[in-house]
Amino acid sequence: RDAQPFYGFHQAGIVTPQPASVLYAAFDVLAENRDELAHLLRILTERLAFLTKGGPVPEIDPRLPAPDSGLLGPVVFPDNLTATLSVGASLFDYRFGLAKLRPRRLGQMERFPNDALDASQCHGDLMLQLCANTAETNIHALRDVLKHLPGLATVRWKIEGFLPPHVVKSMGADTVRNLLGFKDGTANLDARNAELMDRYVWVRAGGSEPAWAAGGSYQVVRVIRTLVERWDRTPLREQEAIIGRHKASGAPLGRGHERAPPDYDGDPDGARIALAAHIRRANPRSAETRANLILRRSYNYSRGLTPAGQLDMGLLFACYQADLTAGFLAVQTRLSGEQLEEYIRPIGGGYFFALPGVREPGGWLGQGLI
Ligand code: HEM
């Protein structure tokens, strides 16, 4: 019931529909050599395969610590869980002798001009993206994984996000609103289109990337605070000009419905949709920028107050692409200096590489790498 397949050429959680809850946990690896790292990845694979499939938890002597937190009851149910494991650039440093196998574009996330990166919420040797119908399922999975990795890995930072639950049913074709009140995802790549995904999301065999990376994808995670108090005091017309879309319908400015193309050819000087509008900078829809398309997979987050007493909420931006430079880096470079920056502040995240999938039982995540 509600179980996403674990085995396949690609990992789940990238083109699969977005359920309501996400949890990102970045890890520092404590394993000291390649054997220990392989051990870690094997255990992790075994746990994630079980958690995605679900099943009864073994009964043991009650005088011992229970094998499971019990958070989901005596039978773990899948709840649409997907677990996606990615590696950070730091895993390819001197520790494991993997330097030559680093995906070509993978480096440590650097600061863009509007970023206020907090080192305690950035980077990591590993990144685990958990998506499920409920937050409890993600938390259960994280606690299970941690319990099974003593001395091998420790959580460096984590963050949880949410979407309205009905997206699950619509197979990702619907759009929901982000915390600025605008529909998010309208012009996203269609994750159900395998040909598009092969071109823009998955690393293919035989290219410039190391052979082991085929079937994987570059993952970008950015924790972007939105300054909602300021946004809520901004006139609607200005908000719409900044984004380039109507707030209520999600349609491009001057167009009637959400899916209408913005038609930049008919608006070369930006009279209708400003040249500096978020959507126009993000995707000018020109022949030269077609190579920059990315698959976005963002969630909202909200978690208490900042030290200055403002609401700490925003967008847990995530995207996947076959080439980090042609994808996120090109898009973010075009966005730098956009007017939306007055209302957003990226504070954390990192660049990672989502490992190829595990083809069949017995295999493990990262097997081709180690
Ligand atoms: C489109 C909001 C950050 C890339 C949009 C849309 C909204 C939006 C409302 C229009 C609906 C849609 O097509 O999804 C935001 C907010 C952000 C943010 C509030 C930060 C808090 C980013 C970042 C990137 C990005 C960091 C990539 C570097 C895009 C792209 C589109 C888009 C590629 C589609 C443009 C098109 O094809 O027409 N964003 N965005 N956005 N955004 Fe963002």
Side-chain angles (χ1 to χ4, degrees), residues 18 109 112-117 161 163 167 172-191 196 200-201 218-228 230-232 234 239-253 255 257-264 267 273-286 289-302 312-321 324-351:
Q18 282 180 261
M109 182 175 76
F112 281 89
N114 186 45
D115 291 3
L117 299 178
L163 289 177
V167 227
D174 207 354
T175 47
V176 291
R177 291 176 191 275
N178 61 33
L179 296 180
L180 297 187
F182 277 78
K183 290 192 170 200
D184 202 329
T186 306
N188 204 5
L189 288 178
D190 182 355
L196 270 185
Y200 291 110
V201 174
Y218 286 92
Q219 176 197 53
V220 172
V221 180
R222 301 264 288 170
V223 182
I224 308 180
R225 257 194 73 205
T226 48
L227 313 182
V228 291
R230 188 185 292 178
W231 184 252
D232 290 342
T234 301
Q239 292 187 353
E240 293 184 329
I242 290 172
I243 298 291
R245 287 185 178 269
H246 291 292
K247 196 171 188 179
S249 65
L253 290 182
R255 309 303 302 273
H257 58 95
E258 187 183 351
R259 304 282 166 186
D263 182 24
Y264 297 138
D267 180 26
I273 300 181
L275 301 177
H278 179 72
I279 60 163
R280 196 155 181 175
R281 283 209 186 187
N283 180 9
R285 306 201 181 206
S286 61
T289 56
R290 256 201 93 70
N292 306 143
L293 297 180
I294 54 178
L295 178 68
R296 289 173 287 144
R297 203 174 199 279
S298 307
Y299 281 82
N300 298 321
Y301 79 90
S302 170
D312 185 3
M313 55 176 62
L315 190 69
L316 201 38
F317 175 90
C319 70
Y320 291 89
Q321 54 262 286
L324 183 65
T325 308
F328 173 80
L329 290 172
V331 178
Q332 184 56 60
T333 302
R334 275 202 305 268
L335 286 176
S336 277
E338 64 171 334
Q339 217 190 328
L340 184 61
E341 286 189 343
E342 277 179 45
Y343 302 91
I344 65 176
R345 194 110 319 138
I347 54 167
Y351 301 156

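Hydrogens, waters and symmetry mates play no part in the numbers below; they use all other heavy atoms, side chains included. What you see is a predicted model, and the numbers here were worked out from it, not measured in a lab. Just follow the structure's listing: the first ligand is 1, and inside any ligand the first atom is 1.
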What is the closest protein heavy atom to [atom], and at what distance does it sit?
atom	value
atom 3 (C) of ligand 1	H278 CE1, 3.8 Å
atom 6 (C) of ligand 1	I279 CG2, 4.1 Å
atom 14 (O) of ligand 1	G185 N, 2.5 Å
atom 38 (O) of ligand 1	R285 NH2, 2.8 Å
atom 23 (C) of ligand 1	F317 CE1, 3.4 Å
atom 13 (O) of ligand 1	A187 N, 2.8 Å

_Geometric class of the F328/F317 ring pair [parallel <30°, tilted 30-60°, perpendicular >60°]_ = tilted

Quick one: does [X]'s side chain have a donor or acceptor within less than 3.5 Å of a partner on [Y]'s backbone?
X	Y	value
N283	L293	no
D115	L117	no
Q321	Y218	yes

Salt-bridge present ([X], [Y]; N to O < 4.0 Å):
X	Y	answer
D263	R285	no
R296	D184	yes
R280	D267	yes
R245	E240	no

Ligand-side contact atoms (ligand 1) for residue partner [X], heavy atom cut-off under 4.0 Å:
X	result
F328	28 (C)
L180	19 (C)
I243	9 (C)
N178	2 (C), 19 (C)
Q332	26 (C), 28 (C)
T226	21 (C)
D184	14 (O)
K183	9 (C), 10 (C), 11 (C)

*Looking at H278 and L340, what are the two nearest heavy atoms and their distance?*
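It is ND1-CD2, 3.7 Å.
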
_Considering all heavy atoms, the nearest I243-A277 contact_ =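 That closest heavy-atom pairing would be O-CB, 4.0 Å.
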
Is it true that [Y] and [X] share a donor-acceptor pair across their side chains at a distance under 3.5 Å?
X	Y	result
T333	S336	no
T186	E258	yes
Q219	Y320	yes
Y343	T234	yes
N292	R334	yes

Does [X] approach ligand 1 within less than 4.0 angstrom via side chain, backbone, both or neither, non-hydrogen atoms only?
X	value
L293	neither
T186	both
I344	side chain
L335	side chain

Please determine whether any non-hydrogen atom of [X] lies less than 4.0 Å from an atom of ligand 1.
X	result
R222	no
R296	yes
G314	no

*Is the closest N or O pair between N283 and ligand 1 shorter than 3.5 Å?*
yes

_Can you confirm, on distance only, whether ligand 1 has an N/O atom lying under 3.5 Å from any N/O atom belonging to F182?_
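In fact, backbone or side chain, F182 has no N or O that close.
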
Considering [options], which one's heavy-atom position lies nearest to [atom]?
atom	options	value
atom 33 (C) of ligand 1	P252, G181, A282	A282
atom 10 (C) of ligand 1	R245, R345, E338, E341	R245
atom 20 (C) of ligand 1	L227, L316, L315, V223	L315

